Amino acid sequence: MPIPEPPRFCPPAPAGAGPFLLSINPADGSQAGRVAQARAADVDGAVAHAWQAVRCQPWRDLRLDRRADVLYEIGRLLRAEREPLARLQMADSGKPWKECLHMVDSAAGSFRYYAAVCETLQGEITPARGEYFSMAIAEPFGVIAAITPWNSPIMNEAQKVAPALAAGNAVVLKPSEETPQLALELLRVCHQAGLPQGLLQVLNGSGEEVGAALVRHPGVRMLSFTGGTETGRAIAAVAGQRLIPVGLELGGKSPHIVCADADREAALAGVLSGIFGSAGQSCVAGSRLFVERTIYAEFVAALAQRTRALRVGLPDDPGTQVGPLISWQHRDKVAGYVELGRREGARVLAGGYAPEQGALARGAFYMPTLLDGLPAQARVCQEEIFGPVLVALPFDGEDDLIEQANGTAFGLAAGIWTGSYPRAWRLARALEAGSVWINTYKQSHIATPFGGFKDSGIGREKGLQGLRLYSQNKSIYWGLHTQPLSLG
Ligand code: NDP
């Protein structure tokens, strides 16, 4: 019997009953946009509509190739609209133009990838031990809550929404208040591509109010969170109480290691882009630099020179290498860490101030900063700053390196620059990190699982595991008995 096309007329998502939420462009303080602000009371409606969409649409039971068609179309439309979406992204987040294009392309890539992966959602026939036939199949959870931070709008959302939809769920998405516009654009594109109404809901509101209400809502069956470790811990505690699964992509303080036998030029470029790309507002930023003591002074001096030469500028200037931070409040936090470092005895080898002249004085800019002279246990070396601040530390031999590099609560990523592949292998195995880059840094794509060790998270997004994160197993037994079942 042919499977009917999904009807398109489930009730629309609530628009948010509260006042407006303003998005401020951190490059100059102008208003980037205005969206309806949801309140805690809107969560009930969003979750109810999402369940209604799950129940009244055949999405869950739609042939996987048909589900894939919709996901593929979302990816195609995102790609077709990359420039206008990137422009909006640039105003919302202040990221430089090329990075904004990358975010949109990455989001499109996630939908294309999960369109293909969707069709791998196959069950298993398990070897039976009796007169029955047994199988394990993947089932969606129903309604999933996805909560995202501000540092990679649309990319982070797509990384959750694409696999969650591919697995047959509905998603209620709460993006960061700082960057509220791209998630709404994603919603529009999803509907344009034919995603049945109600399967994706977007609630723009505060984390403490709307996010917390969403996490506690009894209709939400699984939580997928990306953000800071302390928020993640609070969300995991609620998930623990509610006994629902949670995927957590949290913060980092990633070690970036340069051995004496490394290609110096390649390592310098890798270290610079590893920390100062996205103005350091990246969960995998290589924010702790470990350099082998024999080359420490020379390497750090060259790095300081290149750090000072980085072009800090407006996001739409093609020459800009480092844009503004997300907000003035965040800049104050970053500056506060540098002051703390100074008080703890750091030498400031580059940066360490906010520009006060010209166009940059109007934005939330902070100069790329290099500190050294601190012990590995200093707060600046231990806590996530999430800004353009790199701390350099020397090491003597592999044991010392591993002890220092693993000596934080985090375990998200690590980078190693060395000419010796046996050494790279030993270090990569010993480092407590979810991703390790050898003679490269911050490479990432949707087909390779991503996530953290220790306080950097639970579970893996992306890749085939990323699809399984949003499914639960169901085992089914089919009796083939020749005799009635007996008690004995
Ligand atoms: P936050 O943890 O402050 O916020 C993340 C999201 O959670 C926001 O949407 C926020 O809402 C919401 N939120 C806040 N409190 C609650 C709560 N009690 N219940 C439910 N939701 C809540 O992180 P940031 O937005 O500041 O993002 C930066 C952090 O994200 C860094 O630590 C970074 O390392 C991490 N990150 C991790 C990644 C990874 O893949 N491992 C990738 C990207 C970032 P709102 O802010 O709107 O109030």
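Hydrogens, waters and symmetry mates are skipped; everything else that's a heavy atom, side chains included, is used. Order of listing sets the numbers, starting from 1, for every ligand and every atom in it. Fair warning: this is a prediction, and the values are worked out from it, not measured in the lab.
- A cation-pi geometry, defined here as NZ or CZ lying under 6.0 Å from the six-membered ring centre and within 45° of its normal, does not hold between K253 and F410.
- Side-chain atoms of W437 and H256 include no donor-acceptor pair closer than 3.5 Å.
- Within 4.0 Å of ligand 1, contacts by protein heavy atoms are made from I147, T148, P149, W150, N151, K174, P175, S176, E177, G205, S206, G207, G211, A212, F225, T226, G227, G228, T231, I235, E249, L250, G251, C283, E384, F386, L412, F450.
- For the 3.5 Å distance criterion, the side chains of E384 and S287 fail to qualify, holding no donor opposite an acceptor.
- Here the rule is side chain to side chain contact (heavy atoms under 4.5 Å, CB included) with V215, and of I244, I147, V220, V43 only I147 fits it.
- Within the 4.5 Å cutoff, no side-chain heavy atoms of L182 are placed close to those of P175.
- Between R288 and the choices V391, I275, I257, the side chain to side chain contact (heavy atoms under 4.5 Å, CB included) rule is met once, by V391.
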